[in-house]
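A quick write-up on the structure given underneath.
Ligands are counted one by one from 1 in listed order, and the atoms in each one are counted from 1 as well. Atoms considered below: every heavy atom in the structure, side chains included; atoms not considered: hydrogens, waters and symmetry mates. Just so you know, residue 1 is the first one in the sequence shown, and it goes up from there.
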Amino acid sequence: MSAGPTPQADPKADPQADPRATAPARREAVYLAGLNPPQRQAVEALDGPVLVLSGAGTGKTRVLTTRLVHLLATKRAWPSQILAVTFTNKAAREMRERVAAMLGRPTEGWWLGTFHALAARMLRRHAEMVGLTPSFTILDTDDQIRLVKQLLESESLDAKRWPARLVLSVIERWKDRGLAPSDLGPDDAGDIAGGRMIQLYLAYQERLRSLNACDFGDLLLHTLKLLQREPEVLAGYHKQFHYLLVDEYQDTNVAQYLWLRLLAQGHHNICCVGDDDQSIYGWRGAEVGNILRFDQDFPGAKIIRMEQNYRSTQHILGAASGLIAHNRGRLGKTLFTDKDGGERVLVRTLWDGEEEARWVADEAEALQGKGISLQAMAVLVRAGFQMRAFEERFIHLGLPYRVVGGPRFYERQEIRDALAYLRVIAQPADDLAFERIVNTPRRGIGNATIQLLARAGRAAGIPLTEAALRLVATDELKPKTRTSLRRLMEDFDRWRAMVEQMPHPELAGVVLDESGYTAMWQADKGPEAQGRLDNLKELVAAMEEFETLGGFLEHVSLVMENDAAVGDDKLTLMTLHAAKGLEFGHVFLPGWEEGLFPHQRAMDENGIAGLEEERRLAYVGLTRARDRAYVSSAANRLVHGQWQSALPSRFVGELPDAHTDHDSDPGLAAAAAVAEPAYAPAFRASYAAVSRRGPARTIEGAAWEVASRPRPQSAFSVGDRVFHQKFGYGEVRGVDDDKLVIDFEHAGQKRVMDSFVQPAGRG
Ligand code: ATP
Ligand code: MG
């Protein structure tokens with residue numbers, strides 16, 4: 001390797017203090033002391049491109065952090081001359097903290113963060129060059145979806161056939177690959193949206209620009225285009241950044257890779273660390289090829305391999321290595337550890353998901369009894385819906401826990417929506433719940449209508465549901481809105497009548513189906529939709545344990561309140577994807593069942609490649625553990641009120657015997673699925689037949705009554721002259737409770753709410 005470019009950087013640097021000359025002579029820096037030879041080499045090889053390609057727990061992140069310290073300590077660079085990219089905000093924070101601790105000073109203003117955070121910072125500097133102002137907003141997924149829906153509408157595309165999420169995911173994949181609309185040719189269009197994807201992409205980008213907004217993909221795409229098209233901007237960054245540091249390089253997508261490559265052209269000092277066996281974001285556009293091609297992309301690159309794992313025991317490492325050896329597409333690595341022995345990976349099959357949760361919680365408590373803190377334990381799940389059973393169990397035991405990287409089960413959007421329907425059924429006066437779902441799924445009941453309802457409700461001191469009942473009997477609403485609000489009220493009326501007639505989990509299923517809520521997510525082709533549908537099924541299954549709907553809802557509100565009282569020592573509950581780069585003493589890996597893990601969808605959509613990505617995920621999971629890993633599977637799962645028997649994951653069979661202890665109830669593996677749940681599908685069919693006959697009663701005959709103030713007599717009487725905001729002046733012709741029939745001067749005869757009119761002087 002040549003000496004590499006001299007940093008012209010530091011005007012204040014004392015030439016006498018050239019670190020390359022003096023550092024070796026100094027007393028060895030403390031931060032270098034504990035490193036093994038290849039780690040040290042990776043820290044000290046400051047010039048030119050370096051790739052550290054090595055297995056889990058070999059100290060890649062530690063090397064990167066130490067390298068950053070080394071650059072500063074040897075005065076190779078000022079903080080502002082180093083760009084360090086980590087994968088998550090949490091990782092960035094940790095790196096800052098570690099560096100700050102080593103250096104004893106804060107790290108404010110450093111270029112140290114996620115790709116998104118760094119790109120956003122760059123983009124704010126040059127926003128005008130891409131047609132934005134520096135105060136641009138960053139849209140969230142909901143905003144993006146709404147925007148795409150509008151576009152589909154204005155292009156007269158059928159949103160049922162081409163769901164907004166599908167269209168959006170095509171756009172996002174293009175962005176992941178660094179492709180702006182102008183980079184695409186007719187051949188790229190495909191047949192989604194009738195072959196009009198490129199126009200849609202273009203229109204989407206124009207719309208974002210007119211809103212002075214970006215989505216997450218844009219942060220990177222815009223800066224990438226800037227670096228590609230504006231030589232001066234690029235030259236500026238070349239001048240600024242002397243050293244680039246990148247963690248988790250195996251999960252970079254094409255756009256990120258191109259971005260890094262351009263920035264590295266200035267000084268060629270780029271150090272990437274990663275592990276091809278831990279590439280788990282292929283489904284989001286990550287290209288493991290980036291790491292495998294490093295020496296071609298960065299000529300003269302030094303490739304450093306580290307084989308000593310400092311994290312895990314031999315058994316954990318042996319189990320993980322045996323598992324990942326089943327993947328064909330990999331470089332292959334050896335790993336060893338000095339942490340001998342330890343305990344074998346405990347493999348356990350349990351009866352069902354509830355029992356699995358009970359077992360995990362018991363083990364966690366037993367560990368706690370041995371003096372191990374909860375902070376050192378994690379439960380890593382494959383799919384979000386698995387969390388529910390664990391949360392319930394932890395809450396039941398009072399075991400403090402935190403959910404990382406996502407909301408807790410009952411706080412998820414789809415769960416809150418579903419609960420809101422149930423709450424309105426159980427408690428018609430629950431305005432918050434009603435407001436949440438009155439237009440979800442969309443029924444054309446917009447904000448203006450909701451405000452009208454709120455006004456009517458406030459004026460009469462009645463809940464929104466009752467205000468809705470009264471308003472649909474007037475002309476205050478547009479006919480279409482009135483019809484759909486009336487239908488919704490009729491639905492609630494019918495559902496309420498069913499509370500006494502059917503088991504509440506069954507009722508929940510009916511409500512979710514009849515309200516169109518399930519269909520809304522079924523039509524959604526986005527990456528999260530299936531997970532949401534699974535969560536809804538899990539919610540229905542969870543209701544089984546309670547005798548009544550009220551009992552269940554009460555339980556949920558208690559669960560939601562639980563968080564406040566606990567201290568800092570908490571067990572971590574998170575997805576495997578979010579656990580990358582982290583480590584815990586004891587790691588529980590539940591749900592190792594065929595179809596769940598490996599996930600069926602990954603295999604259906606991507607075949608062998610999908611399966612191998614799942615296996616890498618299992619490898620990531622196992623290698624998070626320092627002291628012991630616990631793998632479990634349930635023999636039965638309650639899915640949508642149906643018991644299904646599950647087979648243990650093939651990954652369980654791939655764990656070498658020498659490193660596992662199978663500690664299962666011997667009768668269990670052979671056990672067949674248990675009997676059908678109490679209510680049979682036939683019930684549902686017969687209900688459907690009844691309900692098809694049409695609503696038995698109309699709103700007027702509503703069987704329920706909302707507890708509210710007695711209706712006041714109207715303050716108006718026949719002959720009064722009044723003013724109504726929408727219809728103008730008129731004269732009262734009839735009074736019916738709180739409703740008035742008015743002849744308006746311009747609008748003709750209307751029925752209105754008396755709270756919406758004011759007395760007007762005669763004249
Ligand atoms: P992953 O692939 O999971 O991201 P990694 O390769 O980034 O892992 P680190 O997280 O940097 O590994 O290190 C794993 C653990 O080993 C950490 O607790 C770290 O402090 C420790 N470690 C790394 N190198 C050494 C060393 N030379 N001496 C002692 N402990 C070390
Ligand atoms: Mg790491």
Just checking, Arg293 and Tyr257: is the charged tip under 6.0 Å from the six-membered ring centre and within 45° of the axis? yes
Main-chain N/O of Cys272 paired to Lys60 side chain as donor or acceptor, under 3.5 Å: no
Are any of the heavy atoms in Thr623 under 4.0 Å away from ligand 1? no
Run the side-chain contact (heavy atoms from CB on, under 4.5 Å) test on Leu611 and Arg650 for me, step by step, so that the C-alpha distance in whole Å, both residues' side-chain angles and the decisive distance to 0.1 Å come before the verdict. CA-CA 11 Å; Leu611 173 65; Arg650 71 192 74 194; 3.7 Å; yes
Nearest protein heavy-atom contact for [atom]: which residue, which atom, what distance?
atom                    : result
atom 21 (C) of ligand 1 : Tyr310 CB, 3.7 Å
atom 24 (N) of ligand 1 : Gln39 NE2, 2.9 Å
atom 5 (P) of ligand 1  : Lys60 N, 3.4 Å

Decide, yes or no, whether a salt bridge links Lys333 with Glu307 under the criterion of side-chain N to carboxylate O below 4.0 Å. no
By number and element, which atoms of ligand 1 are closer than 4.0 Å to a non-hydrogen atom of Arg624? 3 (O)
For ligand 1, which atoms sit closer than 4.0 Å to a heavy atom of Gly34? 26 (C), 27 (N), 28 (N)
Residue pairs involving residues 601-610 (criterion side-chain hydrogen bond (donor to acceptor under 3.5 Å, both in side chains); sequence neighbours excluded): Gln600-Asp604
Atom 17 (C) of ligand 1: of Glu583, Arg62, Arg311, Lys580, the nearest heavy atom sits on Glu583
